[in-house]
Amino acid sequence: MGDDVGRHEFTREDRTRYRTKVRRCLDVFARMLSESRFEVDRPMTGLEIELNLVDDAGDPAMRNAEALEAIADPDFVTELGQWNLEINVAPRQLTAGGITEFESVVRDSLNEADRKAREVDAHMVMIGILPTLQARHMAEEALSGNPRYALLNEQVLAARGEDIQISVDGVERLQMTADSIVPEAACTSTQFHLQVSPDAFAPYWNAAQAIAGVQVAVGANSPFLLGKELWRETRIALFQQATDTRSDELKEQGVRPRVWFGERWITSIFDLFEENVRYFPALLPICDPEDPVQVLERGDTPSLAELRLHNGTIYRWNRPVYDVVRDKPHLRVENRTLPAGPTVVDTLANGAFYYGLVRALAEEERPLWSQMSFSAAEENFTAGARNGIDAQVYWPGLGTVPVVELVLRRLLPMAHEGLVKMKVEAAERDRLLGIIEQRCLTGVNGATWQARAFHRHYDHTALDRPEALRRMLRTYRDLMHSNEPVHTWPVS
């Protein structure tokens, strides 16, 4: 969905032609897998961070077009809502100080971009859901100006045939109705990319699915939506509902949602792309003139444009990615489970934990997923999102355990081992995984800090709820710039 889309109306013929083209792309993809045509020599990692814009008071600043013009950096692009931006960080290997380079590049870029955004009265905040969002910000007019967002909105609503219902039952309860997909823009995430070989893809994807509940529990940073305290990672529940194209009747029939955890462990990346084609109708049936069969047969690399566009409208929490760089195709796991923030160093700590742990699990002699049902992994994911760092999760050989105990006793040593295999320097390993350790020892992550800081203002002063949330967010914004990990932040 990162490409510009200019068309606004689709005919039945468009959809028929697109379905044929997607299946042709899938056949070519299968041939490429069988012929080992993928780049595997220099596996890279990548990082994307979605950001929020706020004004001086802490309310959403609907100025992403002006902010992007002021920032003037191609690494920054629009996102769905006018209060959103995204930074795409150039991929790199994690060896020889790669994680420290990520941290330095992201901090420098964000600091410079924030300085320039202030010229248009906007500040950037890394947070899972902006707690000062109100219902008045959720109108269709809040969509970013790029035509692709209006088109996506139109197609989602047309497929659904009725308004979107959002219901989240957590510490408090929220029910709302939306006549657009704008609520999806409230969900700002961090995406970790990991390039893998075709043979290694299934173990890495399965490992990423198996730890998703742990990831979101330890990294939760989205406890508020529209003034209500809900799940510790409310972003998960909101994203699942805000882009749901199914009516209630289709849900009852078992039609799969487009925001999807999945339903089985896989044996090949092909399983995921084949599921995409089999289960999901096209949202944006736009055909590219390239014939992938002709391109492949003359020895070149096909773009598989339709297959990639279709994949981009199915929001798996661990998404398969086919991409082409310098005429060489490669495969990536895109990990989409985590919120943005609270700081750059917290983000990189989350990344080190993820990269190290999936490496260790993917190379175990007895795979974790052979000892654990897929439904257990999904239940862990929901528990982690709902309860955050206080969650209890299932783990083979241990049963149901507090997530902090699982991380401290079992998973952090595995993550260390995985980072050693990836040749990450010892100082980086110790520093970043030490942050995860301290989060678990103190019981403090972004979500718990936000909740405690809010209640300190709201429960013990005369401030109303919106102003208490603004006060909390302004403090959050200042502490974010310190780049001190969130478990060290004072609440007062």
From CA spacing to verdict: side chain to side chain contact (heavy atoms under 4.5 Å, CB included), Val168, Lys228: CA-CA 10 Å; Val168 187; Lys228 297 290 186 72; over 6 Å; no

Evaluate salt bridge (Lys or Arg N to Asp or Glu O under 4.0 Å) for Glu334 paired with Arg332, printing each intermediate quantity in order. CA-CA 6 Å; Glu334 181 189 12; Arg332 302 195 303 269; over 6 Å; no

Using the salt bridge (Lys or Arg N to Asp or Glu O under 4.0 Å) rule, take Glu119 and Arg63 through it: C-alpha gap first, then chi angles, then the decisive distance, then the call. CA-CA 11 Å; Glu119 297 173 5; Arg63 303 188 186 104; over 6 Å; no

Phe381 vs Gln209, side chain to side chain contact (heavy atoms under 4.5 Å, CB included): CA-CA, chis, key distance, verdict: CA-CA 9 Å; Phe381 186 60; Gln209 291 286 102; over 6 Å; no

Run His193 and Glu48 through side chain to side chain donor-acceptor pair (under 3.5 Å) and show every step you take. CA-CA 8 Å; His193 291 256; Glu48 300 172 73; 2.5 Å; yes

Side chain to side chain donor-acceptor pair (under 3.5 Å) evaluation trace for Gln392 with Thr400: CA-CA 6 Å; Gln392 298 211 6; Thr400 300; 5.9 Å; no

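Taking the ring axis of Phe102 as reference, the NZ or CZ atom of Arg92 stays within 45° of it and closer than 6.0 Å to the ring centre. Remark: Arg465 is positioned above the aromatic ring of Tyr458, its terminal NZ or CZ atom under 6.0 angstrom from the ring centre and at most 45 degrees off the axis.
Residues Val214 and Leu357 form no side-chain contact, since every pair of their non-hydrogen atoms from C-beta on lies 4.5 Å or further apart. Residues Arg232 and Asn387 have side chains not in contact (no heavy-atom distance under 4.5 Å, counting atoms from C-beta outward). Using a 4.5 Å heavy-atom cutoff, the side chains of Val259 and Trp317 are in contact. The closest side-chain heavy-atom distance from Met126 to Thr343 is not below 4.5 Å. In this structure, Tyr315 and Gln240 have side chains that are not in contact, with every pair of non-hydrogen atoms separated by 4.5 Å or more. For the pair Asn335/Val358, no side-chain contact is recorded, criterion being any heavy-atom separation below 4.5 Å from C-beta on. Looking only at side-chain heavy atoms (C-beta outward), Phe239 and Arg336 come within less than 4.5 Å of each other. Side-chain contact between Val345 and Glu103 is present, with at least one heavy-atom pair separated by less than 4.5 Å.
For the pair Arg235 and Glu50, the salt-bridge criterion is not met [side-chain N within less than 4.0 Å of a carboxylate O].
Side-chain contact annotation: Asn221 with Gln450, donor-acceptor N/O pair under 3.5 Å present. Counting only N and O atoms by type, the side chains of Asp56 and His123 include a donor and acceptor under 3.5 Å apart. A side-chain donor-acceptor contact under 3.5 Å links Thr188 and Asn52.
Using a distance-only test at 3.5 Å, with no hydrogens or angles considered, a donor-acceptor pair links the side chain of Glu172 to the main chain of Glu229. At distances below 3.5 Å, not a single donor-acceptor pair connects side-chain atoms of Glu233 with backbone N or O atoms of Ala385. Side chain of Asp346 to backbone of Gly341: no donor-acceptor contact under 3.5 angstrom is found. Using modelled atom types, one side-chain atom of His137 and one backbone atom of Gln134 make a donor-acceptor pair closer than 3.5 Å. Between the side chain of Arg316 and the backbone N or O of Leu272 there is at least one donor-acceptor pair closer than 3.5 Å. At distances below 3.5 Å, at least one donor-acceptor pair connects side-chain atoms of Thr448 with backbone N or O atoms of Asn445. Judged by distance alone, the side chain of Thr234 and the main-chain N or O of Ser222 form a donor-acceptor pair under 3.5 Å. With Ser104 contributing its side chain and Glu101 its backbone, the two residues share no donor-acceptor pair below 3.5 Å. Judged purely by atom type and a 3.5 angstrom limit, Tyr354 has no side-chain atom pairing as donor or acceptor with the backbone of Ala212. At least one donor-acceptor pair under 3.5 Å links the side chain of Arg160 to the backbone N or O of Arg246.
Taking CE of Met414 as the start and CG of Leu361 as the end, the distance is 4.0 Å to the nearest 0.5 Å. How far OH of Tyr476 is from CG of Leu130: 10.0 Å, rounded to the nearest 0.5 Å. Taken from OH in Tyr204 to CD1 in Ile269, the straight-line distance is 14.0 Å, to the nearest 0.5 Å. Note that the CG atom of Asp244 and the CD1 atom of Ile181 stand 12.5 Å from one another [nearest 0.5 Å]. How far CE of Met62 is from OG of Ser144: 9.5 Å, rounded to the nearest 0.5 Å. One finds the CG atom of Leu152 at 8.5 Å from the OG1 atom of Thr243 (value rounded to the nearest 0.5 Å).
A side-chain contact (heavy atoms from CB on, under 4.5 Å) with Pro60 holds for exactly one of Val54, Asp55, Thr132; it is Thr132.
Sorted by first and then second residue, the salt bridge (Lys or Arg N to Asp or Glu O under 4.0 Å) pairs with a member in residues 69-82 form an empty list; sequence neighbours excluded.
Taking the six-membered ring where the residue is Trp, Trp205 and Phe374 present parallel rings, their angle staying beneath 30° rather than reaching 60°.
Judged as a side chain to side chain donor-acceptor pair (under 3.5 Å), and not counting sequence neighbours, Thr190 has no contacts.
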